[in-house]
Structures are given as C-alpha cells and as structure tokens.
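First the proteins, then the strands, lettered A, B, ... as listed; each starts at 1.
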There are 2 protein chains.
Amino acid sequence: MGNKEDILSVATRLFAAKGYDVVGIQEIVDQAGISKPTMYHYFGSKNGLLVAIMETNFRSLLLELSPAAVYSGDLPATLTSIVKAYFRFALRNPEFYRLHLAFWFSPPSSDGFCAAKEWWEKQQQLLEMLFMLAANNHGNMKNRQRIYAATFLGTINTFIAFFLNGYAELDDNACHSLVRQFSHGIYS
Amino acid sequence: MGNKEDILSVATRLFAAKGYDVVGIQEIVDQAGISKPTMYHYFGSKNGLLVAIMETNFRSLLLELSPAAVYSGDLPATLTSIVKAYFRFALRNPEFYRLHLAFWFSPPSSDGFCAAKEWWEKQQQLLEMLFMLAANNHGNMKNRQRIYAATFLGTINTFIAFFLNGYAELDDNACHSLVRQFSHGIYS
DNA sequence: GAAATAATATACCTATTGGTATAGCATACG
DNA sequence: CGTATGCTATACCAATAGGTATATTATTTC
C-alpha cells in the first residue's frame, strides 16, 4: 500500500523481533524500501513512530474488546467472550502483541512503557468496570475490582506469551480452562 | 566493597531504571567511579555483565526458593511458602526483579531474554515438579503441571509488578489472597 | 629481590545512532 | 500557466555506541 503503512508494518515486525531500542531507523527504512526523510515526514521521530504503532493497534483491540466486555449478568460468559477477543486479536497481530508485552514490565520511564501506558489503563478500566458491576451479584468480590482486573489480564497475557513462544494453542480449550481457572481455581 | 561488586550494583540499578539497551558502558563506569577497561577486565563485554547480574541474583533466589518448594503434602501451604519466598526476594532486590521482569516478554533473541532463560526454566521445573507430586492427591490436575506452573508464576509476577509500580503491598494479606485466588478462583 | 600476574587508566578506534539541510519531483489549486 | 503543498532522496551532522591498544601500578609467587 502506501509508504506510511509499509513503515508501520516493517517497524512493528522489527521492534517485536529485536527490541525497540536496538532497531535503528536506517534498518527500518531500508526494509521498507524508502529513505529516512520519508519516515520523519510521517512520524516526526522514532518515538512518534512507536506511538503511532500503539495507537493503530490498540484502537483496533479496544474496538473488538468493548462489546465483548459488556456485562450480561453472566460473569463467566462475559469473561469467556473477553478472552476470546484477546485470543483473536493476538492471533491476528502476533507481532504487535509481542511488542506491547515487552513493554509491559519495562521501566516506567522508557519510551515503550510511556507509549503503551494510556492504552493499558483503558483496558484496566474496562475490566474494573465489569468486575464492579458483577460485584452486585457476587458479594465476596466487592472492592477487589482493581486486583481482579489486573490478575485477569495478567493471566490472559501469560497464556498469550505461552502461545507466542510456541508452547500452547489459543483455541477454545485454552480459553475455557483459563476462565475456569480464574473463576474457580485449580481445585475445581 | 570491591570494584566488581560496585559495577554489578550500579549496572543493575541503571538497567532496571532505563532499560538494558539504552544504558551505555560509559554511564555505568562513570557512576561506579572506574574506567572502561576495569569493567571489561571483570566481565568481558556488556552481555557478560548482564549474564553475571542474572547469575548472582537468580542463584540467590533459587537458594531461597528450593526449600520453600518442597511438597509437604499440603499444597496450599507449600504455595504460600513459595509466594512468601518470592515476595521476600522481590522486596530485597526490587531493582533486579524489575530488570528480569522486563526481559520476561522481550524478544527471544534479545540479550536479556537469553541471559535469563535458563534461570526461568529452573523455576518452571521446580514448580512443575511440585504440581506433579500434588497431582497424586488431586486427580483433576494431572497433566496440567506445565500450565499451572506457568500461570502460578505469572500471577506472582503480576502481583510483584503491581507492587513495583506502587499499586500494592507485598504483605501476608497479598500472599494469602494470591494463593486463595489461584487455588479456588475468584468465586470462593 | 625478581618475575609474573592482576587490576587500573588514558587515549583512541570504527561503526552506528537519531536526526536534518538542501534540493528535486509530484500533484493539486488558483 | 504558475504557484503552493506534499512527498521523497542525497548527503550530511554531531554524539555516542561497544570495544581496545598501550602503559602503569599493585600484588602475588618464586
């Protein structure tokens, strides 16, 4: 397509494969078949390129996630549809998922963390809201939305990382056991 | 004390605060009050320095973890002592914990991932062994050691990351709710 | 005491980094 | 037709990267 899209896709692939900091602009523009000023024309800086990657992909994730996270009154069913949305997205954008996961635990002052932070917060809010609504039906989970949202997302990401490293599949089976483990623990 | 220990501690702090790739050797040796050849004398390369950091700290973690992970016949009790060991270690070495967490989801070809990989595998083995032994008493968890070990460690790391970012405490309360959630889910 | 070895510093290397000044070419617009 | 704007390339910049050649000092060993 256009040069802009080429740059985004090449950069996502290289950042995911080698790490944001070790990939130089030169390598990106070479593989995209363009020259530096073109990249700087569209994105302004290396960090601007990263921010654009985050925006593009996270917007798409949230678009898919929002309807899936509407509380229907049946929490396990809602959790299942959320996990499915995450799995679908990760299967469709494995490189981006790997990239943003790498930023998840990186230094809060780093470019990657800063570029992804606002988008993680949106996911966190979405999940917190869900657990808060569900708390009306499940008294024992009151005031635990924060930690539930965090550990639920943590578990999802652990599964996806497992998949990205070739140790598991992201199928309905995995989805089901994830939700069951989160809901009822390993003793169920 | 010695220059060697100074280098290790300064490098750990800087790597954790800014990221391995963006910290230059010059910055490390400056802050350690020495010069480049001294660092290269002890560690051979930047990567060698990283490997040494991993070795020193992970050795200490495993030393603390091994006795805690011995299966006593009471799985929740064993899980609790494991979580406590992780919490203690993370409280004592927050910078190293942050550093190795940053490598957890980074590209498998990156220096950080490679330097930490063997040590993660040791933790994974330790936990898998535990869940395998426990499966004798809990039939429903047979052949699930892999995923249980992974998600248990994932949950622990999610909690610790929560703490490192200032959102939670790593006290007995947190430990208890982590183990309970992992064992019985959010519905218990 | 001499010789070897470990530890340290000054000064330097080449390659690459993110970024830009300048200019050319295209298309759209008046 | 002429001008303005968007897009692209060549060639360049200063700064920094990881790493080292050489020399000096401190320590150990014989």
side-chain N/O A:H41 vs D:dT8 OP1/OP2, d < 4.0 Å
no
Going by distance alone, is a donor N or O of one side chain under 3.5 Å from an acceptor N or O of the other, for A:Q124 and A:E128?
yes
Examine D:dT8: is either OP1 or OP2 under 4.0 Å from a nitrogen or oxygen in the side chain of A:N3? Give yes or no.
yes
Ring centres under 6.0 Å, that's the criterion: do B:H100 and B:F58 meet it?
yes
Measure from CG on B:D30 to C1' on C:dT10 and round the result to the nearest Å.
14 Å
A:I7 has an atom CD1; how far is it from atom C1' of D:dT8, in whole Å?
11 Å
Please tabulate the protein-to-nucleotide N/O contacts below 3.5 Å involving nucleotides 15-20 of chain C, giving atom names and distances.
from, atom 1, to, atom 2, distance (Å)
C:dG18, OP1, A:V23, O, 3.4
C:dG18, OP1, A:K46, NZ, 2.7
C:dG18, OP2, A:I25, N, 2.8
C:dG18, N7, A:K36, NZ, 3.2
C:dG19, OP2, A:Y40, OH, 3.0
C:dG19, OP2, A:K46, N, 3.1
C:dG19, N7, A:K36, NZ, 2.8
C:dG19, O6, A:K36, NZ, 2.6

Go through the side-chain N and O atoms of A:Q181 and B:T151 and say whether any donor and acceptor fall under 3.5 Å apart.
yes
Checking B:Q123 against B:Y86: is there a side-chain donor and acceptor pair closer than 3.5 Å?
yes
Looking only at side-chain atoms of B:Y42, point me to the closest of C:dA7, D:dA9, C:dA9.
C:dA7
Check: B:Y97/B:N157 side-chain N/O donor and acceptor closer than 3.5 Å:
yes
Would you say B:T38 reaches C:dA9's phosphate, i.e. side-chain N/O to OP1/OP2 under 4.0 Å?
yes
Any luck finding a side-chain donor-acceptor pair between B:R88 and B:N93 under 3.5 Å?
no
